[in-house]
Visitor: 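Could you have a look at this structure, given as structure tokens, before my questions?
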Amino acid sequence: MLHVALSNIKTYARRYIAVILAVAIGTAFLAATLAVNSSTQATLRNSLGDAYKNADLVAYPDWELLGDADEPTRLDMKDIAAIRDLPGVSTAYGVGYAYGQMHTSDNGYTVALQPVDPNQRLGGLELLEGRPPLSGNEMIVDEAHAEDMGISIGDVVALGNEQGKTENMKIVGIQRSSTNPQVAATALGGLSEKSWIQFADGQEDFGEIVINAQGPLPALETELQEHFASQQMKDIAVLTADEKVVHDVAQMTDGTDQLTVVLVVFALIALVVTGLVVVNTFSVVIAQRTRELALLRILGAKRKQIRSSVLVEALLIGIAASVIGVLLAIALMAGLIEVLHALVPSMSYATLALNPAGIIIPIIVGILMTVISASLPARRAMRLAPLAALRPFDAASVKNRAGKVRIVIGALLALAGAAGLAYGALEGDLIIAFLGGLVSFPGILMLASLFVPSSVAGIGKAVAGNSTAGKLAALNAVRNPGRTTATATALLIGVTLVSMIMVGGQTAKASLNNSIAGEFPVDVMVALPGTGLQEAEAKDFAEQIGELEGVDATATYDFGSATAEFSTEETYEVQLMAVDPQPFADVALSEGIVPKDGQIVFTQWPTEDTSLSIGGQTLQIKSSTATVDGNIVSKQTFSKLGIDESQAFSGILVKTDEQLASSKINDLVSEIADITGVDSSMISGGVVMKSMFSQVIDVLLAIVSALLAVAVLIALIGVANTLSLSVLERTRENSLLRALGLKKKQLRSMLATEAVLIGGVAALLGLVLGVAYGLLGARSALSSMGAMTYEIPWWQLAVVLLISIVAALLASVTPGRRAAKLSPVEGLATE
């Protein structure tokens, strides 16, 4: 039957175009997902392994080697010195960071500092120009941040550690910027090992010791293991550099790649929708070839041979489409990597990595999906008797046994899933709600044959009016309920998921924003760099910030720390934020945090005490759950507490316009950073948090919507395919209508209305389901965080509905044009 299958593909090639396109897109999605996984792993190896890319071995504390009662080993310079003395070691250095603040006269950055030694491979750093730091007041800095801060070799910067000590440092070298994402967000600097120990001030701690051998590597590995065993460091593991990179990647991804898991879920959704399109297409094609199949049976073809012929067609189509899909995915990923390199030069370490599994698996899945999807129509073809096949073939309906079984199972799944979803939403249990949605949605799809055709028919009659084309379209749209249901279901899946994500995301954004507004009583806080109170400078900055668009009010504050004695006679270090009550009341979002003289608004931790003592002064405690950096006192009270002003600093508080859009927050933060000369990371507050959450949610929504758009696209291909096959199936009928006076324009209008009915009704039903799932899902996930704020993005949902209708309308253009071109005489002569 291979010859028959090849002949059929050649004869009916036009009917299979949509199938090939749908399978290719679904397979490409899966292949791209696996390529993202392998490329992410390769890129992480390039970036995480930056510190020891030229190393032989890496020694590090491995908590999995610890016993329950054991304390983890802390590696310090003494351990590194001991390793350097081993006979098989040529060089050894520690990978560890001490964090501080680096400032110029214009701006500042958080800096991660490493110890470097010119005799020990510069601690893994790579000099681009200049020389290594040798004396106590010399340092090197990475190229990207040197350029950003406008500093070069010979310049002097202020460097402060976490203990508040600041000294001037001379830049003597520029190093290559790190590709390690764990430190890439901060400036990267280097000090001589002696200076680094003094800067760390007892806080030095190394995550790894990077070692190079001067002899055979296995011998050194054994020597190191014996050394650590002799020092009772049983939790220290020794791996090669390549093994350590693999370990780091596994640790970072927790042994799994969450991104790939998410992408695979969306790829499977696309494949399910593709399967529906394939089933629908083969069902229609087989129904149109009943005379041909009957003739083959009369000529002696057996039922198995008929079935084999259909499956061979599916196999050949699956192979071609899957290969096309994989090639498309490879080209897409390669293009994205090149675009990333061009737009973000710092991501030059990103690489495209392909493995055999990532190519073979999508091809196998694409082929199997096509063959399995075609197996049901093939089984129907096999059951055709020669004489019965000479009359039109009706699709399975609800009235048959299979339809009744499907409806019973679907009803049970829908009811059980809905109960689980409702319970999860009421109790705030995301797992139960997720399982409920996972069970109920397939149940609803199994019941689609009950409500989709009737919905299409009802809406069709309502919108048809007195239009002949509209009335015919409404009848034709439900002439084959099974085909209409399958086509609409494919689109319904995609629209439901898109709208669910939109509604859930918008509700999450609104709920989180309200929660943050209640928790953060100040919109924006700006900590000025350096130590020592700078009240005059802070007031000058506050006046400049107050003139910015989107700012309603500003105030200044002083920040310091002190030892407080509580009623239990226990003493604790507390952070204090001193404000002028009147200006502070203008910027505070809650009057409850405005302090009076002799009072402290305590925010650091919950306390039942009513008073505390600082510097011999007794302060009355006013407890608050507000999230601010310190416990709030008035400046008058602050001046009486004996705070060391040399270790304190000043800052600015800002109240923003309530109508300020989230998209404008980053611009405002940048303007404030330019005025004050501080790094944007030192600007915090409720508005900044809301902007950050909103941006994260918006990005996730955009990504998820784009991924689900693939499923919607495939579904719309199914609409076009169904319409095309319907045109071919109704060639004689359409020609008869033309002969009876139906104009070309009316024929095209009829087909367009038919497509819009199917696409529009599917999208509308999908929106209803998506809103329900989105609201219930958001409640189950977020209700434990506090009061929920439900928001439905009506305009976005309207856009989804409009796009679905327009896309369905466009899908009707080619079939309509093809039907209109055929003359009535030619059409009536068609067999």
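Quick caveat: nothing in here was measured; it's all calculated off a predicted structure. In what follows, residues are counted from 1 in the order of the sequence shown.
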Visitor: To the nearest 0.5 Å, what is the distance between CD (Glu671) and CD (Glu549)?
Guide: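 One gets 8.0 Å once the value is rounded to the nearest 0.5 Å.
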Visitor: Taking the side chain as C-beta and beyond, is there a heavy-atom pair between Phe559 and Leu576 under 4.5 Å?
Guide: no
Visitor: Check whether Trp196 reaches the backbone of Val116 with its side chain - one donor and one acceptor, N or O, closer than 3.5 Å.
Guide: no
Visitor: State which residues pass side-chain hydrogen bond (donor to acceptor under 3.5 Å, both in side chains) with Asp76; sequence neighbours excluded, sorted by chain then number.
Guide: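 For Asp76, no residue satisfies side-chain hydrogen bond (donor to acceptor under 3.5 Å, both in side chains) once neighbours in sequence are set aside.
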Visitor: Taking the side chain as every heavy atom from C-beta outward, state whether Leu775 and Ile792 have any pair of such atoms under 4.5 Å apart.
Guide: yes
Visitor: Do Val526 and Leu653 have side chains that get closer than 4.5 Å, going by heavy atoms?
Guide: no
Visitor: Say you draw a straight line from CG of Asp580 to CZ of Phe638; how long is it, rounded to the nearest 0.5 Å?
Guide: 12.0 Å
Visitor: Before giving the answer on side-chain contact (heavy atoms from CB on, under 4.5 Å), spell out for Leu797 and Val771 the whole-Å C-alpha distance, their side-chain angles and the decisive distance to 0.1 Å.
Guide: CA-CA 9 Å; Leu797 297 180; Val771 169; 3.7 Å; yes
Visitor: Do Lys635 and Thr556 have side-chain N/O donor and acceptor atoms under 3.5 Å apart?
Guide: yes
Visitor: Answer yes or no: is there a donor N or O on one side and an acceptor on the other, between the side chain of Thr554 and the main chain of Gly546, under 3.5 Å?
Guide: no
Visitor: With rounding to the nearest 0.5 Å, note down the distance linking CD in Glu143 to CD in Glu147.
Guide: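 CD of Glu147 is found 7.0 Å from CD of Glu143.
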Visitor: Would you indicate whether the side-chain heavy atoms of Val503 and Pro793 approach each other to under 4.5 Å?
Guide: yes
Visitor: Looking at residues at least two apart in the chain, or sitting in another chain, which of them share a salt bridge (charged side-chain N to carboxylate O under 4.0 Å, His left out) with Glu193?
Guide: Arg84
Visitor: Partners of Ser195 by side-chain hydrogen bond (donor to acceptor under 3.5 Å, both in side chains), sequence neighbours excluded?
Guide: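 For Ser195, the residues satisfying side-chain hydrogen bond (donor to acceptor under 3.5 Å, both in side chains) (neighbours in sequence not counted) are Ser192.
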Visitor: Can you list the residues that meet the side chain to side chain contact (heavy atoms under 4.5 Å, CB included) rule with Asp235, with sequence neighbours excluded?
Guide: Pro61, Leu65, Leu66, Pro72, Thr73
Visitor: Met139 versus Val157: any side-chain heavy-atom pair under 4.5 Å?
Guide: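 Contact flag for Met139/Val157 side chains = yes.
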Visitor: Apply side-chain contact (heavy atoms from CB on, under 4.5 Å) to residues Met149 and His103 and explain how you reach the verdict.
Guide: CA-CA 9 Å; Met149 297 179 70; His103 301 283; 6.0 Å; no
Visitor: I'd like to check the side-chain hydrogen bond (donor to acceptor under 3.5 Å, both in side chains) partners of Tyr790; sequence neighbours left out, ordered by chain and number.
Guide: Arg779
Visitor: Taking side chain to side chain contact (heavy atoms under 4.5 Å, CB included) as the definition, give me every residue that meets it alongside Asp540, ordered by chain and number, with sequence neighbours left out.
Guide: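 Partners of Asp540 under the side chain to side chain contact (heavy atoms under 4.5 Å, CB included) test: Gln544.
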Visitor: Is it true that a side-chain atom of Thr637 and a backbone atom of Gly598 form a donor plus acceptor pair closer than 3.5 Å?
Guide: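 Between the backbone of Gly598 and the side chain of Thr637 there is a qualifying donor-acceptor contact (under 3.5 Å).
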Visitor: Determine the minimum heavy-atom distance between Ala555 and Phe584, stating which atoms define it.
Guide: CB-N, 4.2 Å
Visitor: Could you list the residues that satisfy side chain to side chain contact (heavy atoms under 4.5 Å, CB included) with Glu167, not counting sequence neighbours?
Guide: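 For Glu167, the residues satisfying side chain to side chain contact (heavy atoms under 4.5 Å, CB included) (neighbours in sequence not counted) are Met169.
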Visitor: With the side chain counted from C-beta on, respond yes when Leu548 and Ile545 share a heavy-atom pair under 4.5 Å apart, and no when they do not.
Guide: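 Counting from C-beta outward, Leu548 and Ile545 do come under 4.5 Å.
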Visitor: Once you measure the plane-to-plane angle for Tyr97 and Tyr99, does it fall in the parallel (<30°), tilted (30-60°) or perpendicular (>60°) bin?
Guide: tilted
Visitor: Could you tell me the separation between the CD atom of Glu543 and the CD1 atom of Ile652, rounded to the nearest 0.5 Å?
Guide: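 Going from CD on Glu543 over to CD1 on Ile652, the span is 10.5 Å.
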Visitor: More than 12 heavy atoms of other residues, nucleotides or ligands under 6.0 Å from NZ of Lys194: yes or no?
Guide: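 For Lys194, atom NZ is not crowded (no more than 12 foreign heavy atoms under 6.0 Å).
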Visitor: Report the distance from atom CG of Leu188 to atom CD of Gln175, rounding to the nearest 0.5 Å.
Guide: 4.5 Å
Visitor: Taking Ser780 for its side chain and Ala425 for its backbone only, find out whether a donor-acceptor pair lies under 3.5 Å.
Guide: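 No, Ser780 side chain to Ala425 backbone: no donor-acceptor pair under 3.5 Å.
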Visitor: With side-chain contact (heavy atoms from CB on, under 4.5 Å) as the test, pick out the partner of Leu159 among Asn137, Val111, Asn168.
Guide: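 When side-chain contact (heavy atoms from CB on, under 4.5 Å) is applied between Leu159 and each of Asn137, Val111, Asn168, only Val111 qualifies.
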Visitor: Who pairs with Thr656 by side-chain hydrogen bond (donor to acceptor under 3.5 Å, both in side chains), at least two apart in sequence or on another chain?
Guide: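 side-chain hydrogen bond (donor to acceptor under 3.5 Å, both in side chains) check on Thr656 returns Asp523.
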Visitor: Working note: Asp552 + Val587, criterion side-chain contact (heavy atoms from CB on, under 4.5 Å); need CA distance, chi angles, decisive distance, verdict.
Guide: CA-CA 8 Å; Asp552 277 352; Val587 300; over 6 Å; no
Visitor: Evaluate Val141 against Met102 for side-chain contact (heavy atoms from CB on, under 4.5 Å), listing each step before the verdict.
Guide: CA-CA 10 Å; Val141 68; Met102 181 174 63; 3.8 Å; yes
Visitor: Can you name the nearest heavy-atom pair linking Ala158 to Thr166, along with the distance?
Guide: CB-CG2, 4.1 Å
Visitor: Under the side chain to side chain contact (heavy atoms under 4.5 Å, CB included) rule, collect the residues that match up with Leu421, sequence neighbours excluded.
Guide: Ala433, Tyr773, Leu776
Visitor: To the closest 0.5 Å, what do you measure between CD1 (Ile174) and CG (Leu125)?
Guide: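 That separation rounds to 12.0 Å.
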Visitor: Looking at Asp429 and Ile431, would you say the former's side chain and the latter's main chain have a donor-acceptor pair under 3.5 Å?
Guide: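 At least one qualifying donor-acceptor pair exists.
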